[in-house]
S.K.: 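Structure provided below as structure tokens; questions to follow.
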Amino acid sequence: MIRSLRGMNDILSEDYERFEYFIKTASEVARRYGFHYIETPLLEETALFKRSVGESSDIVGKEMYQFNDKGGNDVCLRPEGTAGVVRAFVQNKLDRKGGIHRFFYHGPMFRYERPQKGRLREFHQFGVESFGVASVYEDASLIMMISDIFKALGIGYTLQLNSLGDQNCMPQYRESLVEFLDLHVSEICNDCKRRKETNPIRVLDCKNEACQNLYKEAPKLFTSLCESCKSDFDTLLKLLDANAIAYEIDTHLVRGLDYYSKTAFEFVSTEIGAQSAIAGGGRYDRLVEFLDGKETPAIGFAIGIERLLELIVMPQKEREGYYFGAMDAEALETIIKAGQAKRSTDTVIIEYTPKSLKAHLKGADRVNARYCAVIGENELKDAKIWVKDLQESKEETLSLTQFKK
RNA sequence: GUGAGAUUAGCUCAGCUGGUUAGAGCACUGGUUUGUGGUGCCGGGGGUCGCGGGUUCGAAUCCCGUAUCUCACCCCA
């Protein structure tokens, strides 16, 4: 038997219903916030991700589905969504056009990782990207959008917030942190030694207890923020307070992708295991420039769809549509014709095997149909059809012409 | 990439220290005397015991390899 590749799953039946329900709900909320759908290719030039996500990140360093295509181009399956949207934004010269551009997207992403619960090699994200708004009001607005989406889906979460600083305060801070790490290099774990070289800020996120104790003494990013970062963060907190959005400030919250600055946030669920981040995002004011565009402030987030599928509280399913069946082979032709006509307005399931009324009712019940329509000997003789409303338990026998109405 | 556990019917699992035709519940399917479901009763189909080797008179059961899943690390949504 040929199986799907490791970490790549089919989405079907009930899972797909949840999947579709999520997309529909999240898209509606995004549209209400003035965002428009954008579709970008799954395959992009590898350089796009190297320059945006950053070569120091694990995503680019070791998790990309990268290969040379037949034309010799170095390409890869997208590991995340932001880079492609920013590329499209620049390529379509929206940075030159000016103004505000707000997009949302959803689709598959690919990372060559060891799969586990909530972490697949092909997984799906829903994300939004907003270009052209420097105001921290947009940061608050995006957080409220996620809150709205989760509220609509019945999903509980904790919101964690931090500020990563900008080009004025972050480089200085990074330097002072590296100095600190150099002084204590013998005390930190091997992972942190590696992080010190690749992405020093990440050490703050280390789960090693000894490291964490040590970092209590380390310089704090939070207290090193410049004036504008500090006041923006304070404003953000005020806005969230005013809109009854609960949050925790986590000064060790770090984003894994290099392009983030200033506001960083993560929505976390305690109900889904180790891969607990269900949404994450932040500001990336420099990224458009990095990708050869005109300096444009921007912010976005992404939601991991598979991770929250099991958290979604689905609305109760109601009986819907028609089930058609014949009790004798002679009535089959008539029932198929009647069912086909009904398809112009309703969901219709036609049973092709003649069987007893009881068997048809069971069949209608199993497919969760609202109505069970059957033609037997008596009905066929009088050109009528017997219809039962399975929800109200009411039945009637109509003439076929009347039934079509 | 590292460490640990699992893999038996469509699903959830039982199968003790290797011993004759591998079981249960649910699901599916048919019937339940004359045309009434979701809720009774009786029957039926369905398994190369993940895959490949090995030990043995004999392997679902022991050993080795491999694949996949799960958990933790790493990383991230």
Side-chain angles (χ1 to χ4, degrees), chain A residues 1-9 13-14 53 56-63 78-82 106-127 146 157 189-192 194-195 198-199 202 205-208 253-257 260 264-269 272-282 300-309 319 323 325-328 331 353-372 374-380 386-395 397:
Chain A
M1 180 176 59
I2 297 175
R3 301 178 48 101
S4 65
L5 295 175
R6 183 175 211 193
M8 302 206 178
N9 294 158
S13 310
E14 221 169 284
V53 178
S56 70
S57 72
D58 277 17
I59 294 177
V60 171
K62 52 189 195 193
E63 295 174 2
R78 62 182 184 192
E80 58 99 46
T82 301
H106 50 81
M109 308 293 163
F110 302 85
R111 293 182 198 173
Y112 195 88
E113 296 185 274
R114 184 104 168 238
Q116 63 184 66
K117 191 184 186 73
R119 189 172 70 186
L120 298 164
R121 288 186 171 184
E122 181 185 23
F123 62 103
H124 296 76
Q125 287 189 334
F126 176 95
I146 303 176
Y157 61 82
C189 70
N190 286 333
D191 282 327
C192 281
R194 177 177 52 78
R195 292 182 182 113
T198 56
N199 195 351
R202 284 226 71 106
D205 215 15
C206 183
K207 293 189 179 74
N208 185 302
L253 173 68
V254 172
R255 305 268 72 221
L257 289 63
Y260 286 112
F265 54 87
E266 205 160 274
F267 285 69
V268 174
S269 167
I272 54 169
Q275 308 305 317
S276 58
I278 50 177
F301 68 77
I303 294 176
I305 302 179
E306 281 85 352
R307 282 188 187 173
L308 42 79
L309 238 36
R319 289 186 174 280
Y323 168 103
M327 293 175 66
D328 311 287
T353 312
K355 47 177 107 168
S356 71
L357 182 64
K358 189 182 184 104
H360 280 311
L361 280 162
K362 271 188 182 173
D365 190 47
R366 196 174 46 251
V367 299
N368 209 36
R370 171 85 192 256
Y371 301 98
C372 179
V374 174
I375 295 182
E377 203 183 341
N378 304 339
E379 290 81 10
L380 187 64
W386 177 89
V387 182
K388 179 162 186 173
D389 181 335
L390 293 172
Q391 195 168 297
E392 305 290 327
S393 263
K394 282 180 190 157
E395 57 186 82
T397 305

S.K.: Work out how far the C1' atom of B:A67 is from that of B:A27, and round it to whole angstrom.
M.R.: 28 Å

S.K.: Using a cut-off of 4.0 Å on non-hydrogen atoms, how would the nucleic acid contact of A:Arg195 be classed: base, sugar-phosphate, or nothing?
M.R.: sugar-phosphate

S.K.: Indicate, with a heavy-atom threshold strictly under 4.0 Å, whether A:Gly280 touches base, sugar-phosphate, or nothing.
M.R.: sugar-phosphate

S.K.: If you count the non-hydrogen atoms of other residues, nucleotides and ligands that lie under 6.0 Å from CD in A:Glu395, is the total more than 12?
M.R.: yes

S.K.: Distance-only check: which donor-acceptor pairs under 3.5 Å involve side-chain atoms of residues 112-120 of chain A, not counting sequence neighbours?
M.R.:
from, atom 1, to, atom 2, distance (Å)
A:Lys117, NZ, A:Glu310, OE2, 3.4
A:Arg119, NE, A:Arg114, O, 3.0
A:Arg119, NH2, A:Arg114, O, 2.7

S.K.: Within the sub-3.5 Å range, which N or O atoms of nucleotides 66-72 of chain B have a protein N or O partner, and how far apart are they?
M.R.:
from, atom 1, to, atom 2, distance (Å)
B:U68, O2', A:Arg3, NH2, 3.4
B:C69, OP1, A:Gly7, N, 3.0
B:C69, OP2, A:Arg6, NE, 3.1
B:C71, OP2, A:Lys117, N, 2.5
B:A72, OP1, A:Ala274, N, 3.4

S.K.: If you check the A:Lys358 side chain, which of B:U36, B:C74, B:A77 turns out closest?
M.R.: B:U36

S.K.: Between the protein and nucleotides 26-31 of chain B, are there any N/O to N/O pairs under 3.5 Å, and if so, what are the atom names and distances?
M.R.:
from, atom 1, to, atom 2, distance (Å)
B:U29, OP1, A:Arg366, NH2, 3.0
B:U29, OP2, A:Arg366, NH1, 3.0

S.K.: Does A:Ala302 reach a base, just sugar-phosphate, or nothing at all? Heavy atoms under 4.0 Å.
M.R.: sugar-phosphate

S.K.: Output the rounded distance in Å from CD1 (A:Ile59) to P (B:C75).
M.R.: 12 Å

S.K.: Just compare B:A77, B:G37, B:G35 and give me whichever is closest to any side-chain atom of A:Asp365.
M.R.: B:G37

S.K.: Have a look at A:Glu306 and say if it touches a base, only the backbone sugar-phosphate, or nothing, with a 4.0 Å heavy-atom cut-off.
M.R.: nothing

S.K.: For a quick check of understanding: with a heavy-atom distance under 4.0 Å over all strands, which category does A:Ile303 fall into, base, sugar-phosphate or nothing?
M.R.: nothing

S.K.: Determine the contact category for A:Phe301: base if any of its heavy atoms lies under 4.0 Å from a base atom, sugar-phosphate if only primed atoms, P, OP1 or OP2 are that close, otherwise nothing.
M.R.: nothing

S.K.: Can you measure from CH2 (A:Trp386) to OH (A:Tyr371) and round to the nearest 0.5 angstrom?
M.R.: 13.0 Å

S.K.: Determine which nucleotide pairs with B:G10, using a 3.5 Å limit on both distances of a Watson-Crick or G-U wobble pair.
M.R.: B:C26

S.K.: A:Gln391 near the nucleic acid: base, sugar-phosphate alone, or nothing, with a heavy-atom cut-off under 4.0 Å?
M.R.: nothing

S.K.: Could you work out the separation of B:U48 and B:G40 based on their P atoms and round it to a whole Å?
M.R.: 31 Å

S.K.: Please give the distance between the C1' atoms of B:G18 and B:G31 as a whole number of Å.
M.R.: 42 Å

S.K.: Among B:G37, B:U36, B:A77, find the nucleotide with the atom closest to the side chain of A:Phe123.
M.R.: B:A77

